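First up is the structure itself, then whatever we jot down about it.
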2 protein chains.
Amino acid sequence: MTQPDMPTPPWERPPKRRRPPRAPLSRERIVDAAYAVLDREGYDGLSMRQVAAELHVAVSALYVHVRDKDELLQLMYNRLFDGYELPEPDPEQWREQLRNFARQGRQRLLSHRDMAKISMAHVPFTPELLPHVERMLAMFTAAGLPRKVVAIAGDLLSTYMDGFVLEESLWRDRYPENGGAAPEKMREEIQSYFSSLPPDRFPNLVELADVMVDESNDYRFELGVEIILRGIASYIGEPDPGNDQPEPG
Amino acid sequence: MTQPDMPTPPWERPPKRRRPPRAPLSRERIVDAAYAVLDREGYDGLSMRQVAAELHVAVSALYVHVRDKDELLQLMYNRLFDGYELPEPDPEQWREQLRNFARQGRQRLLSHRDMAKISMAHVPFTPELLPHVERMLAMFTAAGLPRKVVAIAGDLLSTYMDGFVLEESLWRDRYPENGGAAPEKMREEIQSYFSSLPPDRFPNLVELADVMVDESNDYRFELGVEIILRGIASYIGEPDPGNDQPEPG
DNA sequence: GTTGTTGGTGAACACTGTTCAGAAACTCAA
DNA sequence: TTGAGTTTCTGAACAGTGTTCACCAACAAC
């Protein structure tokens with residue numbers, strides 16, 4: 001019988017490479033590697049070959065565990081929600097709770113490069129994500145909103161989150177020379193560009209140049225969320241809005 | 001000397017194909033062809049080679065007029081705004097005006113397949129598009145909103161438009177078998193899926209299944225716009241919201 | 001008529017996602 | 001211990017992608 005834990009004596013030929021030194025592949029490890037590539041190369045550099053190289057493995061090995069590149073992206077998207085716990089709905093604090101939800105969501109989208117691109121390309125209705133959708137609906141229901149508003153409010157907030165972060169990253173991509181480290185110079189340039197426009201044709205752009213770029217992304221995000229929350233809150237206690245005249249007044 | 005407008009006599013050999021029969025290439029024609037390919041093949045099928053084939057031209061010919069595929073996409077994006085006239089701002093009717101703006105924007109995004117994908121990937125701050133941004137700002141300023149709200153309200157509304165239409169097209173892509181002609185069957189399937197979920201774990205999803213998919217996209221879009229407009233309107237007459245406490249109450 | 005410039009060609013390069021025959025490595029029965 | 005069967009990985013290939021480059025044909029100007 002073989003003695004598994006004994007060192008191989010030097011005169012014996014190496015044991016024919018049983019037990020390959022690397023851990024076997026798995027969906028988890030593939031997603032890990034894909035995230036590593038994404039952070040390093042960005043969305044456009046995220047190729048199956050790069051992922052395989054990250055794992056020191058042939059490309060075709062990936063296809064044993066993953067049907068498609070699309071499925072891999074789906075798995076990456078799902079992981080975005082891992083450990084993303086929404087609190088128990090509290091009717092007294094639904095606004096603060098949703099503010100936190102949005103903040104948390106943006107932070108997650110920012111935690112991996114180009115993550116917003118992946119998020120925007122997927123609808124959060126896979127079985128794994130339904131619990132989150134359910135929690136979201138519960139929070140809006142607890143707030144006392146009409147059914148039809150509940151049904152679309154979550155979508156509205158999520159769309160805004162994704163779109164906002166996507167736009168953040170688009171701006172970053174337009175200024176690739178700074179390694180993400182000098183956004184101030186970028187802002188200066190944009191602001192001076194807006195300020196230099198002919199004031200007769202672009203009075204508002206010139207006048208608002210400072211506000212449009214001076215404020216931090218954090219502030220602009222929070223204000224956008226606040227606008228949406230105010231709009232949602234205005235429906236509390238109202239009946240379901242009708243199809244014909246969304247604004248009766 | 002040659003007589004340019006005379007018909008060629010039959011005994012004379014054809015004039016060596018001077019003046020090639022096809023019109024010369026131009027950016028306009030390339031964008032036209034790209035739109036044709038986009039409508040036929042979708043965003044993933046929109047390749048430089050397909051565009052060249054559409055024009056019966058070698059691929060490399062495109063690169064004389066267009067630096068990049070990226071530049072081509074930018075040109076397509078710009079054309080989305082051609083003839084997109086925003087009305088003179090009217091402080092009395094700013095809500096109706098913005099509703100129309102959003103409706104029109106969505107219709108434009110829907111008028112070409114996968115257009116939302118292209119739109120989402122571009123920021124509307126090229127020189128050609130600045131007049132639209134200016135008009136937008138003018139409308140919000142006329143409504144009497146604080147500066148900081150004006151500065152981000154347009155972004156908010158545009159992001160929602162793009163995101164909404166993008167999600168519409170994502171759902172369509174998940175059901176490619178219907179040629180876009182049978183959305184009712186799709187809705188039925190989704191609704192029956194939601195209804196079949198375990199009600200103890202997904203009470204809201206089960207209860208709201210009808211509202212979430214029964215309502216037309218048109219209605220859901222309008223309601224979303226209305227929520228945003230209500231949120232924006234709530235800031236009329238208020239001072240600029242501060243950085244620390246977006247919700248003072 | 002001879003130039004130079006422009007707009008077009010076809011071939012090539014370095015990639016991409018995906019598939020497939022075959023070769024390892026593992027599991028389990030005899 | 002042997003042998004069969006299954007799973008996992010390999011290397012090569014295919015068709016397609018964006019982009020570039022030497023070459024060529026048509027046009028304008030001197």
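Note that this is a predicted model, so its numbers are computed, not measured. Quick note on labels: first sequence line is chain A, next is B, and so on, each numbered from 1.
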When you compare the side chain of H112(A) with that of L80(A), does any pair of heavy atoms fall below 4.5 Å? no

Nucleotide nearest M48(B) when distance is taken to its side chain, options dG17(C), dG11(D), dG18(D): dG18(D)

Looking at CG of L55(A) and CG of L25(A), how far apart are the two atoms once the value is rounded to the nearest 0.5 Å? 5.5 Å

Listed by chain and number, what are the side-chain contact (heavy atoms from CB on, under 4.5 Å) partners of V123(A), not counting sequence neighbours? F125(A), E167(B), L170(B), W171(B)

Please list all pairs meeting salt bridge (charged side-chain N to carboxylate O under 4.0 Å, His left out) that have one or both residues in residues 153-163 of chain B, counting only residues at least two apart or in different chains. R220(A)-D155(B)

Between atom CG in L62(B) and atom C1' in dG10(C), what is the gap in whole Å? 14 Å

DNA chain D contacts among residues 33-40 of chain B, heavy-atom distance under 4.0 Å: none

Note, V213(B) side chain near Y193(B) side chain (heavy atom, < 4.5 Å): no

If I take atom CD in residue E41(B) and atom P in nucleotide dT17(D), what distance separates them, rounded to the nearest angstrom? 9 Å

Whole-Å distance separating the CG atom of L72(A) from the C1' atom of dT16(C): 15 Å

Heavy atom of residues 63-71 of chain B under 4.0 Å from DNA chain C: which residues? V64(B), H65(B)

To the nearest angstrom, the NE2-P distance between H56(B) and dG7(C) comes to 22 Å

What are the atom names and distances for every N/O pair under 3.5 Å that joins the protein to nucleotides 11-14 of chain C?
unit_1  : atom_1 : unit_2 : atom_2 : d
dA12(C) : N6     : R49(B) : NH2    : 3.3

Within the 4.5 Å heavy-atom criterion, are L205(B) and M212(B) side-chain neighbours or not? yes

Can you tell me the distance, in whole Å, between the OH atom of Y43(A) and the P atom of dG17(C)? 10 Å

Selection residues 36-46 of chain B - residue pairs positive for salt bridge (charged side-chain N to carboxylate O under 4.0 Å, His left out), sequence neighbours left out: R40(B)-E54(B)

Residue pairs involving residues 61-73 of chain B (criterion side chain to side chain donor-acceptor pair (under 3.5 Å); sequence neighbours excluded): R27(B)-E71(B)

Where the side chain of V57(A) is defined as all heavy atoms beyond and including C-beta, which of dT10(D), dG18(D), dT16(C) is the nearest nucleotide? dT10(D)

Among all residues two or more places apart in sequence or in another chain, which pass the side-chain contact (heavy atoms from CB on, under 4.5 Å) test with A116(B)? V165(B), L166(B)

Over 60° means perpendicular and under 30° means parallel, so classify the ring planes of Y84(A) and F81(A), tilted if in between. parallel

E168(B) meets the salt bridge (Lys or Arg N to Asp or Glu O under 4.0 Å) criterion, sequence neighbours left out, with R106(B)

Using whole Å, what does the distance between atom P of nucleotide dG7(C) and atom CG of L55(B) come to? 15 Å

Quick note, salt bridge (charged side-chain N to carboxylate O under 4.0 Å, His left out) partners involving residues 108-128 of chain A, not counting sequence neighbours, are K117(A)-D173(A)

R79(A): salt bridge (Lys or Arg N to Asp or Glu O under 4.0 Å) partners, not counting sequence neighbours: E28(A), D32(A)

How far does the helix from dG8(C)-dC23(D) to dA30(C)-dT1(D) bend, going by the axes of its first and last five pairs, to the nearest 10°? 20°

